[in-house]
Undergrad: 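Attaching a single structure in structure tokens format; questions to follow.
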Amino acid sequence: MAKSSSLNVRVVEGRALPAKDVSGSSDPYCIVKVDDEVVARTATVWRSLSPFWGEEYTIHLPLDFHHLAFYVLDEDTVGCVYWGPMFGHLGEGGMPGSKVSTQPALDACSCYSMTWTLPCPPFHRHDDIIGKISLSKDAIAADPRGIDSWINLSRVDPDAEVQGEICLDVQMLEDARGRCLRCHVLQARDLAPRDITGTSDPFARVFWGSQSLETSTIKKTRFPHWDEVLELREMPGSPAPLRVELWDWDMVGKNDFLGMVEFPPQVLQQNTPRGWFRLLPFPRAEEDSGGTLGAVRLKVRLTEDRILPSRHYQPLTELLMESVLGPAEEDTASPLAVLEELTSGDCRQDLATKLVKLFLGQGLAGPFLDYLTRREVTRTTDPNTLFRSNSLASKAMEQFMKLVGMPYLHEVLKPVINRVFEEKKYMELDPCKMDLGRTRRISFKGAPSEEHVRDASLGLLTGYLGPIVDAIVGSVGRCPPAMRLVFKQLRQCVEERFPQAEHEDVKYLAVSGFLFLRFFAPAVLTPKLFDLRDQHADPQTSRSLLLLAKAVQSIGNLGQQLGQGKELWMAPLHPFLLQSISRVRHFLDQLVDVNGEEEAGGPARALVAPSVIVREGYLLKRKEEPTSLATRFAFKKRYFWLSGETLSYSKSPEWQMRSSIPVSHICAVERVDEGAFQLPHVMQVMTRGAAGGLHTTYLQCKNVNELNQWLSALRKASAPNPDKLAACHPGAFRSSRWTCCLQAERSAAGCSRTHSAVTLGDWSDPLDPDAEIQMVYRQLLLGRDQLRMKFQEDPNTDSSPEADAEKDSGATEGACPDALARQREAAGRLLEVLADLDRAHEEFQQREQQKAAPGPLGH
């Protein structure tokens, strides 16, 4: 039985943050850590004590995790005061000094963890820590709906910021002199960097009763190998616990705490510790600052489940497939009908994504969406309200467009979106929002009038809108065939439901409402959420994008609402919008002019074809064997393309000569310690050649978010590869030794665990039918009692004709007896399938409990 877990994290906003700048304000941003690994960094909100971030992340985890932490920092563009190695530099972009480095590790039980950032030289900028929020896994999992609340920031205690694991072998011996505890301290890994060099000088101190002994100190490493045996004699008195502390030795000042493990007396007597153990801070209650450091509103939801072997899900999968092939209008008892009635809000969106992926994998995405849209169209009496709600049909269509059409969206919109970000033109049509002084400062030609600003803005807006409309209406041949077929089915369904002449536009609006209002317009408004940009826009660019998105939305509405509502200031754009509408109608006619055979037949194995580029951009690549001692200059700028087949690169995007690395040869993709090359944001791509030898390519990204995105993309692309590495070196082999663990053999076994299953969730996630159907099963369990009451009540409880009539009418809303019988039969089959899955889960859980032995990290 496999385990699946993922975290959905939304950093919403902050309030009442303390001022860190001399101006009386702050420039806050937030760092998200999972078990000490930096997985995301929000954008910086400049000059604000109540920032709004609104950023959302999904992190896929292979197994259980321990805690989630949020750190709020103030970005300091000037200053060089070094305040410690705990964070280093977590810059947002490629600016000088914007640095971060992270180093992951998994314990012996594949538990997810990593290290903090390495310190940097004092000539780089340093950001002030405002405070932190720490959430344990138990706290997040306490409510299935997750956490959605304001949480006060707490002060950061350096002694509590520990990480890493230690390997011990403890034995209890007895001789003529009494009992003796023998503690074999073998090694540690992924310790926190406490020195300005980005390493530590660790030693271990062992306590048992009133006695203590220390190991030797290993200099300049976070992966020390001691292999030392410390023996302590039992002293008179009550049984004492064993405590092992790790410290960083300092020549000047006090030593720095690195973490500890402790074993109670009963553990020492019954099952002496042996293996890897996660380091913990000294026990202490986390102090709440009482709101003096401000608060952050967070939304966090944990999804964790056990995945059964595929054969157990086959009956439920068959029921789902059968339901989309039956009459949608009469269906009230199939799994899809039950799910539609039960879910709402965020849960409905997650479910829609899983269902779309599930039916894509079965080659039935078209029938599935046709089933949902027919159900909604049948229930709609006013065409003006068609698909306006967040129904399961609307959410499923949204997720389908994102999953299937994201490369198409990028091809259509990315050139213009990039222009808007790069040119940073000031555009405004609303007189209430015009900043005439700003325009004067930009032009140095005196204060212009509102009319002048409006005319200039109109020219700029149409200059961007023209290419957007041209790209859209000219993209019929590039739109995925599956999307075109779904739109064709949708249009036919709407035409059948509203055939009247006065509803001529409804067939267009049904398609454009999804394609323009729920796909193109949102992507223009927030490009980062659609992977069109790596960062959110600044306030001025955001306003420009909002104006463009409003225009795209008006075009998608076929101009029906032009001149209405409160935004009459958009009137100067109306002539352009009206000219575009006829072109859009023609585009929609062409879009649905497609044969059913044009859809890629058969079940899908992946959302993205192997040849499709899933990520591209400039990276710095280290020369194969640099001869220069200046390692910084050994990295050369290259443009990279990643597809499901190759990781290729050249000097520039236009360069014809390309080198490539087959994705099938990749056996690990991991972070690299900053200390390896004295550079941040470096990753390593390890490949295995035909002869079995390992080769490592080192690549540097410009910031922590780009590093996480490339790591995730490469791991997903290489996920099917066999013979993945279980461990690797997070450093580099230089000066005849590894910089991480100081071993002198190049072929020495890796000192840190790899993280091939740790990825960021996005539209390109691979299909996983078992995980998807497992979530569907969990959702159906929530409605099982309701299903029983609706279709399978005991007829003997009230046999009066009035009760039977009321029950039948309530269950089927006037359905004929034959339809009622079919629905009761369907409900019975569904309940049987759910009961079988219940039993399978219970059996596997019992087997796991029987096989499970207390793991080292469970102490």
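Along the sequence shown, residues carry numbers from 1. All values reported here derive from a predicted model rather than from experimental measurement.
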Undergrad: State, yes or no, whether a side-chain contact exists between Arg274 and Leu168 at a heavy-atom distance under 4.5 Å.
TA: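 Sidechains of Leu168 and Arg274: no contact.
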Undergrad: What are the two closest non-hydrogen atoms of Pro193 and Gln163, and how far apart are they?
TA: CD-NE2, 4.3 Å
Undergrad: Run the numbers on Leu647 and His665 for side chain to side chain contact (heavy atoms under 4.5 Å, CB included), then give the verdict.
TA: CA-CA 10 Å; Leu647 174 65; His665 291 184; over 6 Å; no
Undergrad: Would you say the side chain of Leu699 lies within less than 4.5 Å of the side chain of Tyr649, judging by non-hydrogen atoms?
TA: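 Counting from C-beta outward, Tyr649 and Leu699 never come under 4.5 Å.
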Undergrad: List in chain and number order the residues that pass side-chain hydrogen bond (donor to acceptor under 3.5 Å, both in side chains) with Asp169, two or more places apart in sequence or in another chain; answer none if no residue qualifies.
TA: none
Undergrad: So, do Leu619 and Trp710 sit near enough that their side-chain heavy atoms are less than 4.5 Å apart?
TA: yes
Undergrad: For Arg737, look at atom CZ and say whether over 12 heavy atoms of other residues, nucleotides or ligands are found less than 6.0 Å away.
TA: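 No, because the 6.0 Å sphere around CZ of Arg737 holds 12 heavy atoms or fewer from other groups.
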Undergrad: Can you tell whether the side chains of Arg222 and Asp673 come within less than 4.0 Å, N to carboxylate O?
TA: yes
Undergrad: Whether the Glu228 and Thr215 side chains hold a donor-acceptor pair (N or O, under 3.5 Å, no angle test) is what I'd like checked.
TA: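 Judged by distance alone, the side chains do not pair up.
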Undergrad: Any salt bridge linking Glu165 with Arg753? Criterion: basic side-chain nitrogen under 4.0 Å from a carboxylate oxygen.
TA: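 Salt bridge flag = no for Arg753 with Glu165.
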Undergrad: Taking 4.0 angstrom as the limit, do Arg41 and Glu706 come out as a salt bridge?
TA: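 Looking at Glu706 together with Arg41, the answer is no, because their closest N to O distance does not fall below 4.0 Å.
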Undergrad: What I'd like to find out is whether the side chain of Asn8 reaches to under 4.5 Å of the side chain of Glu56, using heavy atoms alone.
TA: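 Answer yes - side chains close enough.
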Undergrad: Does some side-chain heavy atom of Thr697 sit less than 4.5 Å from a side-chain heavy atom of Thr687?
TA: no
Undergrad: Give me the atom names and distance for the closest heavy-atom approach of Pro730 to Ser752.
TA: CD-CB, 3.8 Å
Undergrad: Quick check for you: to the nearest 0.5 Å, what is the distance between Glu745 atom CD and Phe733 atom CZ?
TA: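 Going from the CD atom of Glu745 to the CZ atom of Phe733 covers 7.0 Å.
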Undergrad: Identify the heavy atoms of Asn708 and Val38 that sit nearest to each other, and give their distance.
TA: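 It is ND2-O, 3.4 Å.
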Undergrad: Restricting to non-hydrogen atoms, name the atom on His225 and the atom on Phe223 that form the minimum distance, rounded to 0.1 Å.
TA: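 The pair with the smallest heavy-atom distance is CD2-O, 3.4 Å.
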Undergrad: Within the structure provided, determine whether Leu232 and Phe207 are in side-chain contact (heavy-atom separation under 4.5 Å).
TA: no
Undergrad: What is the minimum heavy-atom distance between Leu742 and Lys220, and which atoms define it?
TA: CD2-O, 3.8 Å
Undergrad: Once rounded to the nearest 0.5 Å, what's the spacing between atom CG of Leu620 and atom CG of Leu679?
TA: 8.5 Å
Undergrad: Could you tell me whether the side chain of Leu268 reaches within less than 4.5 Å of the side chain of Pro273, counting heavy atoms only?
TA: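 Yes, close enough: below the 4.5 Å cut-off.
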Undergrad: Using the side chain to side chain donor-acceptor pair (under 3.5 Å) rule, take Glu75 and Thr44 through it: C-alpha gap first, then chi angles, then the decisive distance, then the call.
TA: CA-CA 7 Å; Glu75 183 161 343; Thr44 299; 2.5 Å; yes
Undergrad: So do Arg622 and Phe677 actually touch side chain to side chain, heavy atoms under 4.5 Å?
TA: yes
Undergrad: Ring centroids only, cut at 6.0 angstrom: are Phe257 and Trp247 within range, meaning strictly under it?
TA: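 Judged by ring-centre distance (under 6.0 Å), Phe257 and Trp247 do meet the cut-off.
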Undergrad: Listed by chain and number, what are the side-chain hydrogen bond (donor to acceptor under 3.5 Å, both in side chains) partners of Gln171, not counting sequence neighbours?
TA: none
